[in-house]
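In what follows, chains carry the letters A, B, and so on, assigned in the order in which the sequence lines appear, proteins first and then strands, with residues in each chain numbered from 1.
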Protein chains: 2
Amino acid sequence: MENKSVETQENILIAARTIFAQKGLAGARMQEIADRAGINKALLHYYYRNKEKLFEQVFDEALKKMLRPIAAFLADDSDLFQKIRNICRHYHEVLVEYPFLPNFVINEINSDPTRILKLFDAEGFLEGREKTIIQINEAVKSGMIRPIDPRELILNIISLSIFPFAGRPVIKEILYKNENIYEILKERADRVSDFIIQSIKI
Amino acid sequence: MENKSVETQENILIAARTIFAQKGLAGARMQEIADRAGINKALLHYYYRNKEKLFEQVFDEALKKMLRPIAAFLADDSDLFQKIRNICRHYHEVLVEYPFLPNFVINEINSDPTRILKLFDAEGFLEGREKTIIQINEAVKSGMIRPIDPRELILNIISLSIFPFAGRPVIKEILYKNENIYEILKERADRVSDFIIQSIKI
DNA sequence: CTACTTTTTAACCATTTGGTTAAAAAATAT
DNA sequence: ATATTTTTTAACCAAATGGTTAAAAAGTAG
């Protein structure tokens, strides 16, 4: 009996991910989520008190899955180039699974900035960031890489990894029409790190 | 008399830009737009028949301002590196003025992909793209730049230029807290093109 | 002053939507 | 078989919202 219940809840979450991703929090309809999960609205509210709670669960879950390993990579002791490769690869892996995540973050940070930032904090992202900034500065000083502001390098890594997923529908139409964009993006991970490393290495 | 009318309509557009940018099409409220424009809802509907029409006007106007010059840069005869510099600079200039544009495009392409793509077409973006792809391939063949898939290079340029604006609220919090992010992004244009050129040049 | 346009007011409507309720039905466990 | 949990049905509610209407008021031009 419990199986069925768990299965239904899982179906709800899967449906919610899709709908929230397509329409955002405001645009999503509880009825549509229920339909897609193959249940009715009453049951949907039976398991998830309201729209906000449902959204929060879907959102927090996905964001944690993204941030926790990134924080770990930032904090570990591998050398800079390896770190860049790890991070790019992880971004691409998770985003192939949760391609809606960037839009979630981008859209919802406007409505409640603090909640998202708390998640960054909780997942240890900020400490890892400090450590990596120091590491980049040292790499510059030791002549391993060209002079670059650490935050700018981080921003470039993030931009190259995330934007193609955030803008995926447009990208697909203007650059990769009639191709499997997910395949292309998945394969891109290592080329992105090469592109970055090529730019900074001496 | 006409002045007042035009001024009111302009106020509406300014207000609409802000609200649509913050809340998206679904999340925006006509009442809120009216309030921000300093008028009432009846007058808002008097000038713009309905929400969709208003959104369309705001959106199309901004996207054209973005695309038309990009198309021109892609189509002109300057050498590849100069082209990259022109494009990065233009993206940054327009996006400082319309920072909401990327989110607009990203969000609304889901609801009606064809309308946006028509705009790309109409603004001559696609022809410029073809010409630039050929140019990149030739630059590779002539040994001017490292081997790279032209579409991937274009994607990297777009990602580095646009993502920082799309993700601006998050970026600001995790990297540039307490700083003027617009100033930082504006200054970034030339460093972005340097980063790209450094990566591909031989 | 008169004619015309712009703006306001305020009530009003239809629809959508999130959410509830309560009872019946189905499924499952013991 | 009985008790418990899960699911459905269907009606219902309150609030929000896009949009309308019509008449009055204010502003403007000739």
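Per the geometry, CG belonging to B:Leu44 stands 15 Å off P belonging to D:dT17, to the nearest Å. Rounded to whole Å, the distance from NZ on B:Lys53 to P on D:dG18 is 17 Å. In this structure, OH of A:Tyr48 is placed 13 Å from P of D:dT6, rounded to the nearest angstrom. Atom CD1 in B:Ile12 sits about 12 Å away from atom C1' in C:dT6, given to the nearest Å. Atom pair A:Glu7:CD and C:dT28:P shows a separation of 11 Å (rounding to whole Å applied). Remark: P of D:dA26 and CG of B:Asn40 are 14 Å apart, rounded to the nearest angstrom. In this structure, CD1 of A:Ile39 is placed 17 Å from P of D:dA10, rounded to the nearest angstrom.
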Show each protein N/O and nucleotides 15-22 of chain C N/O combination with a separation under 3.5 Å, one pair to a line.
{"unit_1": "C:dT17", "atom_1": "OP1", "unit_2": "A:Arg29", "atom_2": "NE", "d": "2.4"}
{"unit_1": "C:dT17", "atom_1": "O5'", "unit_2": "A:Arg29", "atom_2": "NE", "d": "3.4"}
{"unit_1": "C:dG18", "atom_1": "OP1", "unit_2": "A:Ala28", "atom_2": "O", "d": "3.1"}
{"unit_1": "C:dG18", "atom_1": "OP1", "unit_2": "A:Arg29", "atom_2": "NH1", "d": "3.1"}
{"unit_1": "C:dG18", "atom_1": "OP1", "unit_2": "A:Lys51", "atom_2": "NZ", "d": "3.2"}
{"unit_1": "C:dG18", "atom_1": "OP2", "unit_2": "A:Met30", "atom_2": "N", "d": "3.2"}
{"unit_1": "C:dG18", "atom_1": "N7", "unit_2": "A:Lys41", "atom_2": "NZ", "d": "3.4"}
{"unit_1": "C:dG19", "atom_1": "OP2", "unit_2": "A:Lys51", "atom_2": "N", "d": "2.7"}
{"unit_1": "C:dG19", "atom_1": "N7", "unit_2": "A:Lys41", "atom_2": "NZ", "d": "2.9"}
{"unit_1": "C:dG19", "atom_1": "O6", "unit_2": "A:Lys41", "atom_2": "NZ", "d": "2.7"}

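Using cut-offs of 30° and 60° for the angle between ring planes, the B:Phe20 and B:Phe104 rings count as perpendicular. Taking the six-membered ring where tryptophan is involved, the planes of A:Tyr98 and A:Phe100 are perpendicular, since the angle between them exceeds 60° and thus also 30°.
For the pair A:Asp79 and A:Arg85, the salt-bridge criterion is not met [side-chain N within less than 4.0 Å of a carboxylate O].
In this structure, a donor-acceptor pair under 3.5 Å is present between the side chains of A:Gln82 and A:Asn86. In this structure, a donor-acceptor pair under 3.5 Å is absent between the side chains of A:Glu152 and A:Asn156.
For B:Leu43, counting side-chain heavy atoms from C-beta on, the closest listed nucleotide (D:dT7, D:dT9, C:dT7) is C:dT7.
Between D:dT7 and A:Tyr46, no contact under 4.0 Å exists linking OP1 or OP2 to a side-chain N or O. Between B:Thr8 and C:dT6 there is no side-chain N or O to OP1 or OP2 distance below 4.0 Å.
For the side-chain contact (heavy atoms from CB on, under 4.5 Å) test with A:Leu44, the passing option among A:Asn50, A:Ile33, A:Thr8 is A:Ile33; the others fail.
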